[in-house]
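Take this structure, written in structure tokens, and hold onto it; I'll ask about it next.
Note that this is a predicted model, so its numbers are computed, not measured. If you read the sequence from its start, that first residue is 1, and numbering goes on from there.
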Amino acid sequence: MSAKRVARHNTLVFETLQSRLGSAPQSEFSECRLFDTDGSKYLLQREQDAPNVFRVSFSLAGFTENAAVSTNLASIVHELQTRNESVCRVSTGQGTYQVKFEILCDRLLALKPAQQLSLFQSVASVRADVLCWPLRQQLIVLKAAAAPQHETVVIYGKPGQPILGKQNQDDCLVVFPIWLSDGTSRAYTNAFIQGFAESRRLNASGDAPQCSFTAGPAPVPVPKAVQDYVNEAKGGFVSIVVLPRHVKESTLDEFVWTLLSFHDHVQYHVKCFKALIHGRMRKRMQNMILELGQAKTNKREVLAAINTN
């Protein structure tokens, strides 16, 4: 079973930007609203009074509850502006939208097609950039060999799914509480999680982080703000140890997004495992029905032969 990789960028936003702002921008386009899987919103629009500007506004689901993001929004916007300053103006949004991109169409057309696609992908990755900010900063501090932090840091991925992070002297421990919906999912998930942690322990390579599973309690102190959430994590805790050698500048964004997508990775494989087991059960049931039907046929043939004799 191959691993399911969660894309950093929103495919619908990327394809909309590509179709509307490609080699021949469509000036008649006015407004479009798109939604992500967690409820985050995108507003794409071009106003008649500014046809050279294409706006993309982003609203993060659960923004007010995500203190690590809301308190650092200005820093996040500044980094996005630095990354896209040649073609975009990035600022804090208005109303329900937190981040606003203003793509300058005349500068966009001066770029090569590969550069345009890179820009579209960067804009469509705004949700990942915003969510990854707290954990990314933790790993940057780790790479700088800063002093350890004694308090556990709460990092939010999807709404209602906090991740725990604790920086030690030589590593950063990232702890994922596992939430389960029912007893059946619990059995499947526990089997997958334990197998996942064991395979990482036995087949650990020089580049792979160390992984372990704990049925409970949490391996790090839990802040009071998320104790209720963490106490509902009946599936145990998965701990990943991140070392400075894992934090490379060229792969940092993808590495952080992979960590934040761990819950999606688990849910995908649990569903696949369920489908595999159910498929095997249906196949066995069909074979049993065929065997019973064959047995009934043979019984009728034997009785008919006895009556004839």
4.5 Å side-chain heavy-atom contact, L17 and I103: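 Side-chain contact under 4.5 Å: yes.
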If you take all heavy atoms of Q98 and L60, which pair is closest and at what distance? OE1-N, 2.6 Å
L111-L117 co-clustered via ILVMFWY side chain contacts under 4.5 Å: yes
Would you check if L80 and V99 make a side-chain contact, meaning some heavy-atom pair closer than 4.5 Å? yes
Residues forming a side-chain hydrogen bond (donor to acceptor under 3.5 Å, both in side chains) with H9, sequence neighbours excluded: Q121
Spacing of I76 atom CD1 and Q137 atom CD [to the nearest 0.5 Å]: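 Rounded to the nearest 0.5 Å, the CD1-CD separation comes to 8.5 Å.
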Classify the ring geometry of F176 against H263: parallel below 30°, tilted from 30° to 60°, perpendicular beyond 60°. perpendicular
Please round to the nearest 0.5 Å and tell me the distance separating atom OG1 of T82 and atom CD of E85.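 Rounded to the nearest 0.5 Å, the OG1-CD separation comes to 6.0 Å.
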For a 4.5 angstrom cut-off between non-hydrogen side-chain atoms, does I140 reach R136?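 Yes. Closest side-chain heavy atoms under 4.5 Å.
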Should the ring pair Y42 and F58 be called parallel, tilted or perpendicular, given that the plane angle runs from 0 to 90° and is split at 30 and 60?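 Rings of Y42 and F58: tilted, 30 to 60°.
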Taking C-beta and beyond as the side chain, do W133 and S75 meet within less than 4.5 Å on heavy atoms?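 Result yes, sub-4.5 Å side-chain heavy-atom pair found.
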Can you measure from CZ (F262) to CD1 (I178) and round to the nearest 0.5 angstrom?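 Spacing of CZ (F262) from CD1 (I178) equals 5.0 Å.
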If I compare all heavy atoms of P177 with all of I163, which pair ends up nearest, and what's the gap?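 Answer, listing the atom of P177 first, then I163: CD-CA, 4.5 Å.
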Rounded to the nearest 0.5 Å, what's the gap from CD on Q210 to CG on L173? Could you check? 9.5 Å
Should C172 and L139 count as side-chain neighbours, where that means a heavy-atom distance under 4.5 Å?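 C172 reaches L139 side chain to side chain.
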To the nearest 0.5 Å, what is the distance between CG (D171) and NZ (K166)?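 D171 atom CG to K166 atom NZ measures 9.5 Å (nearest 0.5 Å).
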Spell out, yes or no, whether V226 and V175 are grouped together once hydrophobic residues are joined by side-chain heavy atoms under 4.5 Å, including indirect joins.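 They do share one cluster, since a chain of ILVMFWY contacts under 4.5 Å joins V226 to V175.
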Report the residues that fulfil ring pair (Phe, Tyr, Trp, His ring centres under 6.0 Å) with F237, sequence neighbours left out, ordered by chain and then residue number. none
If we ignore hydrogens and angles and just use 3.5 Å, is the side chain of E254 paired with the main-chain N or O of T251 as donor and acceptor?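 No, because the side chain of E254 does not come within donor-acceptor range (under 3.5 Å) of the backbone of T251.
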Looking at A61 and G39, what are the two nearest heavy atoms and their distance?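 Heavy atoms of A61 and G39 come nearest at CB-C, 3.8 Å.
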Any sub-3.5 Å donor-acceptor pair from S59's side-chain atoms to K41's backbone N or O? no
Heavy-atom pair of closest approach, residues K248 and R245: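 Smallest interatomic distance, heavy atoms only, reads CE-O, 3.6 Å.
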Membership question, hydrophobic clusters at under 4.5 Å side-chain separation (ILVMFWY): are L43 and F101 in the same one?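 No; L43 is not reachable from F101 via cluster members.
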Are the side chain of N84 and the backbone of V123 linked by a donor-acceptor contact shorter than 3.5 Å?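 Judged by distance alone, no pair lies under 3.5 Å.
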Please report the closest heavy-atom contact between P219 and S239, naming both atoms and the distance. CG-OG, 3.3 Å
Under a 4.5 Å cut-off applied to non-hydrogen side-chain atoms, are P209 and V241 in contact? no
Do L104 and L44 belong to the same hydrophobic cluster, where Ile, Leu, Val, Met, Phe, Trp and Tyr are linked whenever their side-chain heavy atoms lie under 4.5 Å apart, directly or via other members? no
Closest non-hydrogen atoms of P51 and C105, given as atom of the first, atom of the second and distance, are O-SG, 4.3 Å
Quick one: do F14 and V126 end up in the same hydrophobic cluster if we chain Ile, Leu, Val, Met, Phe, Trp and Tyr together by side-chain heavy atoms under 4.5 Å apart? yes
Do L164 and P223 make a side-chain contact, defined as non-hydrogen atoms from C-beta onward lying under 4.5 Å apart?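 The answer is yes; the side chains approach within 4.5 Å.
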Which residues share a side-chain contact (heavy atoms from CB on, under 4.5 Å) with L12, sequence neighbours left out: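 Residues passing side-chain contact (heavy atoms from CB on, under 4.5 Å) with L12: N10, L34.
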Would you confirm whether T152, through its side chain, and P221, through its main-chain N or O, come within 3.5 Å as a donor-acceptor pair?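 Yes; judged by distance alone, with no hydrogens or angles, the pair exists.
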Given 3.5 Å as the limit, does a donor-acceptor pair link the side chain of R46 with the main chain of F54, or not? no
Under 3.5 Å, side chain of Q116 to main-chain N/O of L108, donor-acceptor pair present?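 Judged by distance alone, yes, a pair lies under 3.5 Å.
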Less than 4.5 Å apart, any side-chain heavy atom of D253 and any of C132? no
To the nearest 0.5 angstrom, please state how far the NE2 atom of H278 sits from the CE atom of M285. 12.5 Å
The test is salt bridge (Lys or Arg N to Asp or Glu O under 4.0 Å); show your working for D129 and R8 and say whether it passes. CA-CA 8 Å; D129 291 329; R8 291 187 80 251; 2.8 Å; yes
Is Q45 reaching over with its side chain to a backbone N or O of R33, donor-acceptor style, under 3.5 angstrom? no
